[in-house]
Student: 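Next up is a structure, given as structure tokens.
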Amino acid sequence: MTSTSLSTTETVDSQGEWEPKIMAFCCNWCSYAGADLAGTSRIQYPTNARILRVNCTGRISPEFILAALNMGADGVLVSGCHPGDCHYTSGNLKARARWALMETAIEQAGVDPRRVRLQWASASEAQVFADGVRTLTEQVRKLGPIRREWV
Amino acid sequence: MSGTEDEPRIGVFVCHCGHNIAGTVDVEAVAHMASNLPGVAFAADEMFMCSDAGQTLIKEKIKEHNLNRVVVASCSPRMHEPTFRRVVEEAGLNRYLFDQVNLREHVSWCHMREPELATEKAIDLVRMSVARASKLQNLPIKKVNVLPTTLVVGGGIAGLRASLDIADRGFDVLLVEKTPKLGGNVAKWTHLFPSDETGADIIKPLIRDVKKNKRIKILTESKVSEFDGYIGNFGVTVKNLKTEKEERYEVGAVIVTTGFEPFKPVGYYSYGESPDILTLAELQELPRSEQLLKISNGKPVKKVVFIGCVGSRQPGVKGHEHCSRHCCSATAKAAADLRDRVDEVLVLYQDIRTYGKGHEEFHRMARQKHVIYSKFPQNEYPDVIVKKSKITIKWRDVLADEDLEFEPDMVVLASAMIPPEDVEETSHLFSLTRSGDGFFNPEHIKLAPLTTHTAGVMIAGAAQAAKNASESVIDASGAAAKAVGLMAQGEVEIESTVSHVIPELCSSCHTCLTACAYNAISMDETKDPPIAVVTEAKCHGCGTCAAACPSSAIVMYHSTDDQILTMVEAFLCPSPSIQGGG
Amino acid sequence: MSKETARALVVGGGVAGMQAALDIANQGFKVYLVERSPSIGGRMAMLDKTFPTLDCSACILTPKLSEIARHPNIRLMTCAEVGSVTGSAGNFRVKLRRKARFVRENLCSGCGACSAECPVEVANEFDQGLGFRKAIYTPFPQATPNVYTVDKENCIDCSRCVKVCERNAIDLEMKDSFVNLDVGTIIIATGFELFDVSRYPRLGYGQYPNVIHAMEFERLINAAGPTHGHLIRLSDGKKPKSIGFIQCVGARDVQKGVPYCSRVCCMYSIKNAVMALEHNPEAEVWVYYADIRAFGKGFEEFYEMAKSRFGVRFVRGRVAEVMEGKSSHDLVVKVEDTATSKLRLIEHDLVVISPGVIPSSGMDTMAKKIGIDQTNDGYIEISHTFFGPTITKIPGVFVCGCADGPKDIPDSVSAGSAAAMKATIILSSGGT
Amino acid sequence: MKEFVLYTGCTTPVRLPAYERAVHVVLEKLGIKLTTMKDANCCGAQYIESVSHTAFSAMCGRILALAESMDLDILAICGACSGSLKHVKHDLDSNEELRNEVNDILEEEGLKYTGTVQVKHLLQVFREDIGYDAIKSAVVNPYKDLRLAAHYGCHVTRPEEIVQVDDAENPTIIDRIIEAVGGTPVDYTGKTRCCGGPLLAMDDEVGNAIGRDKIENIRAENADGIVTACVFCDIQLTQVQFGEGASDKPKIPCMTLPQLLGPAIGIDSESLGIQLNKISPQAILEAH
């Protein structure tokens, strides 16, 4: 596990303005494919998210989300198959169960829970995926850069 | 992993994809940045990586620069990951030492109007991938042999068909049937539709062929009592129900054709109160005779009533919500046949579901023979009253909007198909899940109706859902094809991207057992305290257990915590040296 | 049978043919998968969602498409048709006509630069003519092979595509070619077509813009379809508030020569009714039916859910007539509700007709070429319901999917596997 | 000159003699010769048909055989007659058993059906034997500013495969003739629906409701008149505009197709029996 402390570099765009950094975890079977379809459909959405592919949202440990926030992600997106559609039967349900606890945990740690977003987007829901990225990006933009308020 | 002999030497190949990527993303800048990342021994951009030229380039550079990791930044890995894995494999690298970055679907195509930010995103993604690549590990390409024998559970029409097909294809079959006789439900029927033959006519030649076939070992009055192992190598214990003797067999694949049971509709329409009220299945089993005789007194039957959907299509009644599929057509056929021998035949129904080939014709034929069809309301079931030896039936006819009454000599209840009573036992034995109808779930209800979530175990016929005999036969041949597919290959590759328990870290909490949807994790009770072990052949690689393990004792190969977190770090906290250009 | 002929030919690249090809190929035999259109995928690729799970059709189909494309034992031949068949089981010789696609498959990367440059727009048959495509096109985003095709009938030979193609993949001079294949067995999986519902003029299809058929509805609600998934009326682009689905059109009708049940229409309409409500929960959705045939696994439960949870309204009665308001293009359905014996006039913004299934065009000629029998309905005759539901009169020739009668997706897939089983028995035993 | 034997059926001479009269004069003017069938019987439509198919077949078979003995094809002007004759001809031609049975019956009279005779409805003669061009060039007195609703009648056009008169779902013959004589054919809801006439014997309430519905649909399109090609339809669409339950709006005149055609090709209205029409089509006749 990395020990790097909060990032000091903040992304700035060409106009020198701060741009939110979004870490996005997507499952391979629904949301990653949905993001693919957003591309093939040429749906345009903010550039802020970096997608990390995992087989299943069930793979996503709360630790990953906390680590991302700790390392300076302004927002974290987790996107998977709709409940009932999981390629692995029920991994997304496990992710959903963990999510509630994780939200409480980050809130107690002083991070606004609006910085994290759990969404279901199927392989055909390119627009849903793109809208999710946009929503979170705009939400985070309003909240401003992440700070470790508890330090 | 750096500092070991396996010092990463990563090759990064950035694809233009014509203008698709290069039109938005500054691919040269991306390649240039990559060339400065730690561990990168070579980086270049190329017009089409997937083309023959691109593939050749990768192979050449692997040799030339002694590369031991490859990153291709191009399109979605969902499209070309298998292509590039094959390429690196052909160049002598393990396929798991490849990583792909999606610059097309996830960058250039969805950020077409923001080339600078898109390039920035592309740079981040490539940096993340390179970081991951340096952590990638060789994973063994695991193959297991498939034993050339298939276990067929159930000797009904589906089981017989599957056994014969497999044997005709040149593989061995172990056919296990719990009753003393082969043939199942079909063997008992006199009014099989849509043919004019009896069930016995159909099933006899099948049984004969099965018995004659040297490749098929038949165990009647037997049940599978234990089942273990994994795809290609299952262990099966079969118990003879008469002698109680158990014998052990090894098979490569399994086809479950445990079929159905006709529902005994106790509590419906006075069933049981008169011998002249019987189910369609019981009618089918009556000996064939010139004249239909009342069971109560042996007098000829003049008037018959059929009632449909008995124990089927009942919302909210567990195990009876489904349509039993075969009954409408079976009723039409039986009613049309009987009409030649009795004066009046009446069919009470909700919907007429004569959907199959030739079925609509039965319905039409029945009507032409003046079988009377009367629709009763969905929630107002007909009343069957037995007084002394007289049966009276009262119902509301929807279409005439009238209350009607009839005194039949015989009432035939088209009762539901339900799973056999030992279905739960079977489901546990083979780790099969069941749906609301009580029958087994296929792997995918649309595209994989014959396979299950237990790799190597197939289902066919009424084991999967209510089905007629013809449909069961199709399923059976299909399931046989799945089994033969495994056996013909002789070996099956099992995904190496499976999870693994580090015994020293396991705290015996059992959390992973509840997390796994495939029963792939069990506790090794021989250890004290018992520790979790993954049966790799059963693992589907979702990684849910790894995330769930509170002791970080589970490694999900090819998706390790380390591999994931290093990407997060590469995105968010690039050290000055790895920011590139530095 | 020589090693050379231990190969199979599968005619038709829909879901049944694909499954058959995979199951043969997975046993180690070589398979030619022949499809007359530019891409495999068949009818299923056109569907939006599938019943009863509402799975997205493209999502579940795409992995199968790529599995076919990269299977080492499958040789995919699109834009190809069977020309003639001679020989017998174990040793068939098949002459194949490969229609020129004017794009070299081995060079095209599917980048789409050509299509962007093409100045010709024509109605897209994949979208049932509701949307447009270029004269150089792929039928749908996941088309397999992912190779462009020139529609020469509409191409104006401007050569702009040729110039823009960086891989020189386009050859507008390409000619049809013929290939001879030696195969041991043949599987027919030529699928189905939809009944032409304009043959029921009283239902208004083809006369009234807001009367559409179910496949058009599929494309209208599909995110990759012509309206990007917005369910609208074709007359004025308005969101329909009241939709009627009319069942058994071109099915169970002796008069129109389609006496049989099409098996899928009840369920796809219930699914579409539910999807309509998902698009607009405020809408009123009615289904006019004769019998609801929800007979497959999970179907009845889905039907029940459509009624109780989604509030789809079901009226038992064959629709007599659809009438249109001249200026509003609103519609009135005239139907006898047989459950109440009342004649009803029900207003709708949009009427969706559920066409029955008929044998695919060209079935007659193909059956003749191979020498197999057809039923009165035009489907391929099977040898016996119980002994050979996938076997035809000609030894070594098998049938699956909708080529021998209407089937839903799981039944087609199952039949595809079954036909593969029979075919491989021939291949492994040296013919019969 | 093409010649037909006119089979009038039972109803036309009695209840709508003007129709028969108009057919004669109009066809003669358009170059068709008609001979009236002598000693004809009822075609047996509906009443006999529903009791005995053999008797019905023999009745129509006799008419067909009579025409054969005259060596002329039949012109039928009533929808029911035309439908019956065509149906039975179809049955006799395709069912040898039935043909023998019928011929056994006909033998008593020395008649025999062999299948050589053709049956045509009036609309077919207009389209096939005269032609729209000939009609158009015969027009000397075209109508002007006239909106007319065509009513074809079920038995005239259905079942299409057997009667082969016009496209049953989208018939055009009357409309084309309306156009040829200078009128404007109007489309209306339920154009190919039944007039309700055949139902009168079973349930006059329903029969009349169907007829009135038709009138209202025609009224909604502001039609000046209705043009028919069947005696029963003409009577039904006229009578539903009278009596209890009829609308008090102005009545819409009904006229048979030859009655509309006659004045346009220079036949005086008296020869066409227009004065006998129950709802006077005077306004139509004056629209020139």
Side-chain angles (χ1 to χ4, degrees), chain B residues 17-20 47-48 50-51 79 82-83 157 165 168-170 194-195 202 313 315 321-323 325 351-357 359-361 364 398-399 401 435-437 439 442 444-450 464-465 469-471 473-482 484-485 488-489, chain C residues 15 19 23 26-28 50 52-53 55 60-61 64 66 70 109 111-113 146 166-167 252 259-261 263 291-301 304 308 338-341 379 384-387 389-390 404-405 409-411 413-422 424-425 428-429:
Chain B
C17 196
H19 281 297
N20 284 301
M47 188 56 87
F48 291 104
C50 62
S51 66
M79 172 127 153
T83 312
I157 193 164
D165 281 347
D168 283 349
R169 174 68 181 79
S195 90
I202 299 301
R313 302 185 62 191
E321 292 175 308
H322 63 283
C323 163
R325 189 164 177 157
D351 283 285
I352 299 167
R353 296 183 166 173
T354 44
Y355 61 88
K357 200 176 206 166
H359 299 186
E360 198 83 312
E361 283 77 353
R364 239 170 249 134
V398 174
L399 305 184
D401 196 20
S435 45
D437 55 14
F439 295 104
H444 189 279
I445 198 163
K446 292 308 259 193
L447 291 182
L450 305 171
Q464 193 243 40
S470 175
E471 291 155 353
V473 166
I474 294 179
D475 273 9
S477 290
K482 303 288 172 194
V484 170
Q489 283 168 17
Chain C
V15 70
Q19 189 58 54
D23 280 325
N26 283 339
Q27 291 191 26
T50 58
T53 48
D55 266 328
I60 58 176
L61 187 66
K64 276 238 157 110
S66 40
R70 62 166 195 266
S109 75
C111 73
N146 186 16
E166 294 175 11
R167 306 180 65 152
R252 304 179 67 191
Y260 54 90
C261 167
R263 281 176 85 140
D291 291 287
I292 288 289
R293 300 194 156 167
F295 56 81
K297 190 175 179 79
F299 294 4
E300 178 70 22
E301 294 85 336
E304 187 54 35
S308 57
T338 57
T340 58
S341 308
Y379 293 101
H384 192 284
T385 329
F386 301 110
F387 295 126
T390 56
D404 65 299
I409 294 169
D411 286 354
V413 169
S414 189
S417 294
M421 183 68 240
K422 300 295 179 189
T424 57
I425 291 174
S428 67
S429 68

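In the text below, chain A, chain B and the rest are named by the order of the sequence lines, each starting its count at 1.
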Student: Could you measure the distance from the CD atom of C/E300 to the CZ atom of B/R325? Nearest 0.5 Å is fine.
Tutor: 13.0 Å

Student: Once rounded to the nearest 0.5 Å, what's the spacing between atom CZ of C/R293 and atom CD of B/E360?
Tutor: 4.5 Å

Student: Relative to chain C, which segment of B/I352 carries a heavy atom at a distance below 4.5 Å: side chain, backbone, both, or neither?
Tutor: both

Student: Kindly give the heavy-atom pair with the smallest separation between B/S470 and C/T385, and that separation in Å.
Tutor: OG-O, 3.0 Å

Student: Heavy-atom distances under 4.5 Å only: say whether C/A113 touches chain B with side chain, backbone, both or neither.
Tutor: neither

Student: Using the rule given for side-chain contact (heavy atoms from CB on, under 4.5 Å), can you reason through B/M47 versus C/E166, listing the C-alpha separation, both sets of side-chain angles and the distance that settles it, and then say yes or no?
Tutor: CA-CA 9 Å; B/M47 188 56 87; C/E166 294 175 11; 3.3 Å; yes

Student: Please check this pair: side chain of B/R353 against backbone of C/D291, looking for a donor-acceptor N/O pair closer than 3.5 Å.
Tutor: no

Student: Looking at C/K297 and B/S435, would you say the former's side chain and the latter's main chain have a donor-acceptor pair under 3.5 Å?
Tutor: no

Student: Where the side chain of B/K446 meets the backbone of C/L61, is there a donor-acceptor pair that is under 3.5 Å apart?
Tutor: no

Student: Which answer fits B/T83, side chain, backbone, both or neither, if we ask what part of it has an atom under 4.5 Å from a heavy atom of chain C?
Tutor: neither

Student: Which of the residues C/P259, C/A420, C/A415, C/G405 is involved in the greatest number of heavy-atom pairs with chain B at under 4.5 angstrom?
Tutor: C/P259

Student: Under 4.5 Å, counting heavy-atom pairs only, tell me which of B/V484, B/L447, B/D401 racks up the most with chain C.
Tutor: B/L447

Student: Let me confirm one number: the CZ-OG1 distance from C/F295 to B/T354, rounded to the nearest 0.5 Å.
Tutor: 10.5 Å

Student: Select one option (side chain, backbone, both, neither) describing which atoms of C/S341 are under 4.5 Å from chain B's heavy atoms.
Tutor: side chain

Student: Quick check on C/N146 against chain B: is it the side chain, the backbone, both or neither that has a heavy atom closer than 4.5 Å?
Tutor: side chain

Student: Looking at C/N26, is its backbone amide N or carbonyl O close enough to the side chain of B/Q489 to form a donor-acceptor pair, meaning the two atoms are under 3.5 Å apart?
Tutor: yes

Student: CZ/C/F299 to NE2/B/H322 distance, rounded to the nearest 0.5 angstrom?
Tutor: 13.5 Å

Student: Select one option (side chain, backbone, both, neither) describing which atoms of C/F387 are under 4.5 Å from chain B's heavy atoms.
Tutor: both

Student: Show the nearest heavy-atom pair for residues C/A418 and B/I474, with the distance to one decimal.
Tutor: CB-O, 3.2 Å

Student: Taking every heavy-atom pair that is under 4.5 Å apart, which of B/P82, B/C17, B/G170 has the most such pairs with chain C?
Tutor: B/P82

Student: Using heavy-atom distances under 4.5 Å, tell me whether B/Q464 contacts chain C through its side chain, its backbone, both, or neither.
Tutor: both

Student: Can you measure from CG (C/D23) to OG (B/S477) and round to the nearest 0.5 angstrom?
Tutor: 11.5 Å

Student: Which one wins on heavy-atom pair count under 4.5 Å against chain C: B/A488, B/A465, B/P449, B/G356?
Tutor: B/P449

Student: Tell me, side chain or backbone of B/D165 under 4.5 Å from chain C's heavy atoms, or both, or neither?
Tutor: both

Student: With heavy-atom distances below 4.5 Å as the criterion, would you say the side chains of C/C261 and B/H359 are in contact?
Tutor: no

Student: Take C/M421 and B/D168 through the test side-chain contact (heavy atoms from CB on, under 4.5 Å) and record every step on the way to the result.
Tutor: CA-CA 10 Å; C/M421 183 68 240; B/D168 283 349; over 6 Å; no

Student: If I compare all heavy atoms of C/S417 with all of B/G478, which pair ends up nearest, and what's the gap?
Tutor: CB-CA, 3.4 Å

Student: Would you compute the distance between atom CD of C/E301 and atom CZ of B/R313 and round it to the nearest 0.5 angstrom?
Tutor: 10.5 Å

